[in-house]
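Ligands are counted one by one from 1 in listed order, and the atoms in each one are counted from 1 as well. Atoms considered below: every heavy atom in the structure, side chains included; atoms not considered: hydrogens, waters and symmetry mates.
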Amino acid sequence: MSRVYNFSAGPAMLPEEVMKQAASEMLDWRGSGMSVMEMSHRSKEFVSIAEKAEADLRELLEVPDNYKILFLQGGASSQFAMVPMNLLRGKDTADYINTGYWSKKAIAEAKRFCNVNIAATSEDTNFTTIPPRDSWTLNPDAAYVHYTPNETIGGVEFHEIPDVGDVPLVADMSSTILSRPIDVSKFGLIYAGAQKNIGPAGLTIVIVRDDLIGEALPGTPTMFNYETHAKAGSMYNTPPTYSWYIAGLVFEWIKRKGGLKAMAELNKRKAEKLYAYIDNSDFYNNPVDPSCRSWMNIPFTLANPELDSRFLEQAKEAGLVNLKGHRSVGGMRASIYNAMPEEGVDALIEFMKSFEQKYG
Ligand SMILES: *Cc1c(COP(=O)(O)O)cnc(C)c1O
């Protein structure tokens, strides 16, 4: 068996320890005589798995008691609609911050339900910056303020939580959740597709403050109402059981590694060494303003785009895969979530150096 360093933006690498544990428990989960995949979601075995996963996530993120954690399906993309359907609560307008590709998707969907006030945008810098907080034109009557703390494609990240006063702050944390400690109490709602930093695809985590639940738009389908899932402990219908179980193993792994503080130190170190190498090279370039560079997704270009396919081919031969940038921006992108070991980043830098020596 040989495993590669996988720089995919998502679905992304999972910790090897987690997959080994899952493999050893695959056919017979702890004496139950069955795989977690085969268990009723209402069995006492699966309920114990589900409760442990939720408790561990609550502990890792220090989620206050007045927040529900929901284990849903439909991806972050479904949340683009569920957020306005549930959070407008009689209002007809919401504030959105536009920092790139995923913000725009959230905005387009919200427009189906309400007036969207683009309170700030970094479109004029081609999304290589974050609009300074004092330039935002927030609407005091907005039902909520939505932003994307980490733009997975542009590689732009907020390193501080913006202060928006009493209006609920909503965050699409798909590609940054669990990369560092966050103060959940500053948010009304946080959502994230699991396939970047939590576990396998198919699971979507929503962390929502209790007082925001229960006022969905008339006509909201049962499955799109947070209240349905909050009341049923995310078991109104069959949840994505196996993804939930693997996410639980990932939470245990993060705890063993020292929790989110340890993850933050490691992620910062990994990102800083890759940026430092790119900045010191005349051959590679990252366009993002240094104050808002992502720890998780690092796009870069080669001096000569005609070398791109050769770069990707030779990287693959060196065991470094999925470095191709998103089709909308081109170039390269290295996604280095929690599960990417520091050795993977070191190997990438070594490869980039030798490629630069050959072709630079
Ligand atoms: C990947 C991603 C999405 C889309 O997630 P799905 O689970 O595929 O719907 C949305 N927002 C961000 C920030 C992402 O990184």
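- For Gly74, no nitrogen or oxygen atom sits less than 3.5 Å from a nitrogen or oxygen atom of ligand 1, counting backbone and side chain alike.
- Each of the following atoms of ligand 1 lies closer than 4.0 Å to a heavy atom of Ser175: 15 (O).
- Residue contact check: Gly75 has heavy atoms under 4.0 Å from atoms 7 (O), 9 (O) of ligand 1.
- Residue Val170 is tested with Val83, Ile190, Val145 for a side chain to side chain contact (heavy atoms under 4.5 Å, CB included); the sole match is Val83.
- Exactly one residue among Arg269, Lys268, Lys270 makes a salt bridge (Lys or Arg N to Asp or Glu O under 4.0 Å) with Glu272. That residue is Lys268.
- With a heavy-atom cut-off of 4.0 Å, Ser174 touches ligand 1 through its side chain alone.
- The proximity of Phe80 to ligand 1, defined as any non-hydrogen pair under 4.0 Å, is limited to the side chain.
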Next on the checklist: Could you walk me through whether Arg293 and Asn286 satisfy the side chain to side chain donor-acceptor pair (under 3.5 Å) test, starting with their C-alpha distance in whole Å, then the side-chain angles of each, then the deciding distance to 0.1 Å, before giving a yes or no?
Outcome noted: CA-CA 9 Å; Arg293 284 174 164 176; Asn286 169 283; 3.1 Å; yes

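- At a 4.0 Å cut-off, not a single heavy atom of Lys105 sits close enough to ligand 1 to count as contact.
- Stacking of Lys196 on the aromatic ring of Trp102 is recorded, both the 6.0 Å distance cut-off and the 45° axial limit being met.
- Closest of all the heavy-atom pairs between Glu123 and Asn98 is OE1-ND2, 3.9 Å.
- Nearest non-hydrogen protein atom to atom 5 (O) of ligand 1 is Ala76 CB, 3.5 Å.
- Among all non-hydrogen protein atoms, the one lying nearest atom 11 (N) of ligand 1 is Asp172 OD2, 2.6 Å.
- Contact annotation: for Gln195 versus ligand 1, heavy atoms closer than 4.0 Å belong to the side chain alone.
- Ring geometry for His146 against Tyr191 counts as tilted: the plane angle lies between 30° and 60°, on a 0 to 90° scale.
- Taking any N or O of Thr152, backbone or side chain, at least one lies under 3.5 Å from an N or O belonging to ligand 1.
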Checklist entry - Step by step, would you call Leu302 with Phe283 a side-chain contact (heavy atoms from CB on, under 4.5 Å)? => result CA-CA 6 Å; Leu302 276 53; Phe283 185 73; 3.9 Å; yes

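- No more than 12 heavy atoms of other residues, nucleotides or ligands sit less than 6.0 Å from atom CG of Asp282.
- Looking from atom 9 (O) of ligand 1 to the surrounding protein, the closest heavy atom is Ser77 OG, 2.6 Å.
- The closest protein non-hydrogen atom to atom 1 (C) of ligand 1 is Lys196 NZ, 1.3 Å.
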